[in-house]
Amino acid sequence: MRTTTASLIVLAGLAFAMSTPALAQTAAIASFSDADQAVPGRLTIRDMPWTDTGSSGTKREISQMPGFPISIGRHPNFAPTRGAVLADLDGDGQLEIIVSSTEGKLYAWHNDGAPVAGFPVTTVGFPQYPAAVADLDGDGDVEIVLHTRGQTSGGRFYIFNHDGTPLPGFPLSLDNGNVESSPTLYDLDGDGQLEIIATQRAYPIGYVHVIEMDGSEWGGNWPVALSHVPTATPAVADIDHDGAPEIFCMSYDQMYLLQTDGTAEPGWPRGISGANFSYQSAALADIDGDGDLEIAVAAHQSAAGAYLFQHDGSLVNGWPFHFDTWSYCAPTITDLEGDGALEVIAGQAGYASPPSKCFWVWDTHGATRAGFPFVESTHGGGSEGPMTVADINGDGVMEIFADHNFTVDDQGFLFGVDTTGAELPGFPLRPHGFTYLNGATIADVDGDGHDELAVLSYYAGGVDVNLYTLPDSYSTTGREWPTYHARNTRDGLYAPEASCFADFNGDGAVDTRDVLAFLNAWAASDASSDCDGNGVVDTRDVLCFLNLWNAGC
């Protein structure tokens, strides 16, 4: 467990509280047991006296959608991580809110808070990570792929139809082991159907599986045995630019780059001296424009930091950047301004006594961007959830959103900052409970031209599903990283060239649901339907969209 780090955090907070003459408040810090523990991912909440020396002031109010927040239960020892899913389950052009609950349920609601028919569904084991959602077989209906776990074993592998019914043969048991992290969906063999990459905990080792939609597993070298327990959602893309995809995954002490036949790429597996991996996952992007992809990872223990690797396992010049405390953060890659230069974003656990460094933005050479790290100067704490980015105010520049491992008076924090590190109007959001290890999921759920922000927050008695409606009109640039591991297929790839205007509802498929979503937006003169980008929503946009839709992009 992160006992030493957590204890230092608590002691620092207590020391600050005793030395500062101000009004005491109730505060708490959350931590999770490490992936190598017999019971990984176990939540601990530590209360402490606290003093807040900051002024409350007034700020722009950001309200929640009607029907939200929604309160649900959770396992007494485990909280959900990595956030909610926003996806169109019923093909009406609007997005549903899909949430994994550690009470052993999968929930889905419409954006007015009404439950989707068929949900919640009860699972064997409990899901802790978000599902992956996509049309696996190209039939026009999406499927939901979900992993579950027990305390030490008893997890299952599920594929549900969009109405919550399991596909025949599911759930699967992978030797009754916990099925770790989120599933990753990718067409590995080019047959037009998505395979599912799943990791199985078989303490003290683990396995990586490739499973088809019918429940059959790839043979040959699959499943691939890992040196230790699996600790991350796999990332997948054509990383070495050879025309075939590779799978990047991590055990507690090694990183792997696997070919589709299950054999390792040259230079892999490899470790980092003094570092281990728990929950971080990886981000993939072509950092230097040479056609192959680089791999961004974070690590903890004595060599905690952010690392950037070439596909051959060598470090990119200028990296790593070392943190001064723990990190469970999954890095994010984006192009903040659209200038063609990419940025890497990741955070650390921080400390309870302010000022506390929460998260950084670096350029591709490892230099810290001006205005960062983002420092919590009033409350302390850190950010280790998935950092999400989206242009929520329509200026063509990304905004950055981050979780927090701290609460004051039972209210948590969801930070929103611009590219200079300045807090956005109305932020931080203050939901009931911790946002820690969850972070924001951002999309226009109701097609009104304003983004919504979903975030899970948890407390001693349960979990709140929060859905804030953001006040400004957004723009879609293709540079977004709006959810855990980039998109609902969880491939971890930053790929703006793969963004597709014809995939109007953002579910990863170009089908008739996109036509309905587009026409609804166009009829409402929604700026998002300005297909030709001339600043006017008119009949030319319909022709533009239909041409792209017919071409599949």
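Reckoned from all heavy atoms, side chains included, excluding hydrogens, waters and symmetry mates.
The main-chain N or O of Ile442 is never found under 3.5 Å from a side-chain atom of Thr483 such that the two would form a donor-acceptor pair. With Asp240 contributing its side chain and His311 its backbone, the two residues share no donor-acceptor pair below 3.5 Å. For Ser278 (side chain) and Ala35 (main-chain N/O), a donor-acceptor pair under 3.5 Å exists by modelled atom type. Judged purely by atom type and a 3.5 angstrom limit, Thr231 uses its side chain to pair as donor or acceptor with the backbone of Phe277. A donor-acceptor pair under 3.5 Å links the side-chain atoms of Glu96 to the main chain of Leu89, judged by distance alone. Panel note: side chain Ser383, backbone Phe359; no donor-acceptor pair is recorded below 3.5 Å. Remark: the backbone N or O of Gly177 is not paired with any side-chain donor or acceptor of Arg201 at under 3.5 angstrom. Not a single donor-acceptor pair under 3.5 Å links the side chain of Ser182 to the backbone N or O of Tyr129. Panel note: side chain Thr435, backbone His404; a donor-acceptor pair is recorded below 3.5 Å. Under a 3.5 Å cut-off, the side chain of Asn488 and the backbone N or O of Leu86 do form a donor-acceptor pair.
Between Ala30 and Tyr458, the shortest heavy-atom distance links the atoms CB-OH, 4.1 Å. Residues Pro183 and Thr233 come closest through the heavy atom pair O-CG2, 4.4 Å. Across all non-hydrogen atoms, the minimal contact from Gly83 to Pro130 is O-CB, 3.5 Å. Between Pro245 and Thr260, the closest heavy-atom pair is O-CG2, 3.4 Å. Between Ile239 and Asp292, the shortest heavy-atom distance links the atoms O-CB, 3.3 Å. The two atoms that bring Gly385 and Arg82 nearest to each other are CA-NH1, 3.4 Å, heavy atoms only.
In this structure, CG on Leu257 lies 8.0 Å from CD on Gln259, to the nearest 0.5 angstrom. Within the model, atoms CD1 of Ile211 and OG of Ser216 stand 9.0 Å from one another, a figure rounded to the nearest 0.5 Å. The distance from atom CD1 of Ile70 to atom CE of Met65, rounded to the nearest 0.5 Å, is 11.0 Å. Atom CZ of Arg490 sits about 8.5 Å away from atom CG of Leu185, to the nearest 0.5 Å. In this structure, CD1 on Ile197 lies 8.5 Å from CH2 on Trp218, to the nearest 0.5 angstrom. To the nearest 0.5 angstrom, Met250 atom CE is 12.5 Å from Tyr279 atom OH.
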Test ring pair (Phe, Tyr, Trp, His ring centres under 6.0 Å) applied to Phe518 and Phe545, step by step: CA-CA 8 Å; Phe518 173 82; Phe545 175 78; 4.2 Å; yes

Leu467 vs Val465, side chain to side chain contact (heavy atoms under 4.5 Å, CB included): CA-CA, chis, key distance, verdict: CA-CA 7 Å; Leu467 187 63; Val465 181; over 6 Å; no

Evaluation steps, side chain to side chain contact (heavy atoms under 4.5 Å, CB included), between Leu437 and Tyr328: CA-CA 8 Å; Leu437 286 187; Tyr328 283 162; 4.1 Å; yes

Check against side chain to side chain contact (heavy atoms under 4.5 Å, CB included), Leu284 and Ile333: CA-CA 8 Å; Leu284 310 175; Ile333 299 177; over 6 Å; no

Verdict with supporting geometry, Phe170 and Tyr158, ring pair (Phe, Tyr, Trp, His ring centres under 6.0 Å): CA-CA 6 Å; Phe170 290 90; Tyr158 282 89; 8.1 Å; no

Check against side chain to side chain contact (heavy atoms under 4.5 Å, CB included), Thr441 and Tyr484: CA-CA 7 Å; Thr441 305; Tyr484 173 57; over 6 Å; no

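Checking each of Asn466, Asp112, Ile97 against Phe68 for a side chain to side chain contact (heavy atoms under 4.5 Å, CB included) leaves exactly one that passes, namely Ile97.
Residue pairs meeting the side chain to side chain donor-acceptor pair (under 3.5 Å) criterion with at least one partner in residues 166-181, sequence neighbours excluded, are Arg156-Asn176. Counting only residues at least two apart or on different chains, the side chain to side chain donor-acceptor pair (under 3.5 Å) pairs with a member in residues 183-200 are Gln200-His209. Legend: side chain to side chain donor-acceptor pair (under 3.5 Å) pairs involving residues 220-230, not counting sequence neighbours, sorted by first then second residue: Ser227-Ser251, Ser227-Asp253, Ser227-Tyr256.
Under the side chain to side chain contact (heavy atoms under 4.5 Å, CB included) criterion, Val316 pairs with Glu294, Leu308, Gln310, Trp319, sequence neighbours left out. Residues that satisfy the side chain to side chain donor-acceptor pair (under 3.5 Å) test with Ser71, not counting sequence neighbours, are Asp464. Remark: Ala346 engages Phe323, Cys329, Pro331, Trp362 in a side chain to side chain contact (heavy atoms under 4.5 Å, CB included) (not counting sequence neighbours). Under the side chain to side chain contact (heavy atoms under 4.5 Å, CB included) criterion, Gln301 pairs with Asp34, Tyr252, Asn276, Trp326, not counting sequence neighbours. Remark: Asp491 engages Arg487 in a salt bridge (charged side-chain N to carboxylate O under 4.0 Å, His left out) (not counting sequence neighbours). In terms of the side chain to side chain donor-acceptor pair (under 3.5 Å) criterion, residue partners of Asp444 (sequence neighbours excluded) are, by chain and number, Tyr474. The side chain to side chain donor-acceptor pair (under 3.5 Å) test applied to Glu343 returns no partner, not counting sequence neighbours. For Ile45, the side chain to side chain contact (heavy atoms under 4.5 Å, CB included) partners are Ala28, Leu43, Asp47, Arg74, Phe434, not counting sequence neighbours. Qualifying side chain to side chain donor-acceptor pair (under 3.5 Å) partners for Ser101, counting only residues two or more places apart in sequence or in other chains: Glu103.
Judged by distance alone, the side chains of Gln128 and Arg149 do bring a donor and an acceptor atom under 3.5 Å apart. Looking only at atom types and distance, the side chain of His300 has no donor-acceptor partner in the side chain of Gln348 under 3.5 Å away. In summary, the side chains of Thr81 and Asn438 do not present any donor paired with an acceptor at a separation below 3.5 Å, with no hydrogens or angles considered.
Between Phe248 and Trp268, the ring center distance clears the sub-6.0 Å criterion. Under the 6.0 Å cut-off for aromatic ring centres, Phe157 and His147 qualify, their centroids lying closer than that. Ring pair Phe32/Phe78: centre-to-centre distance not below 6.0 Å.
Looking only at side-chain heavy atoms (C-beta outward), Leu167 and Phe160 stay at 4.5 Å or farther from each other. Looking only at side-chain heavy atoms (C-beta outward), Leu146 and Val179 stay at 4.5 Å or farther from each other.
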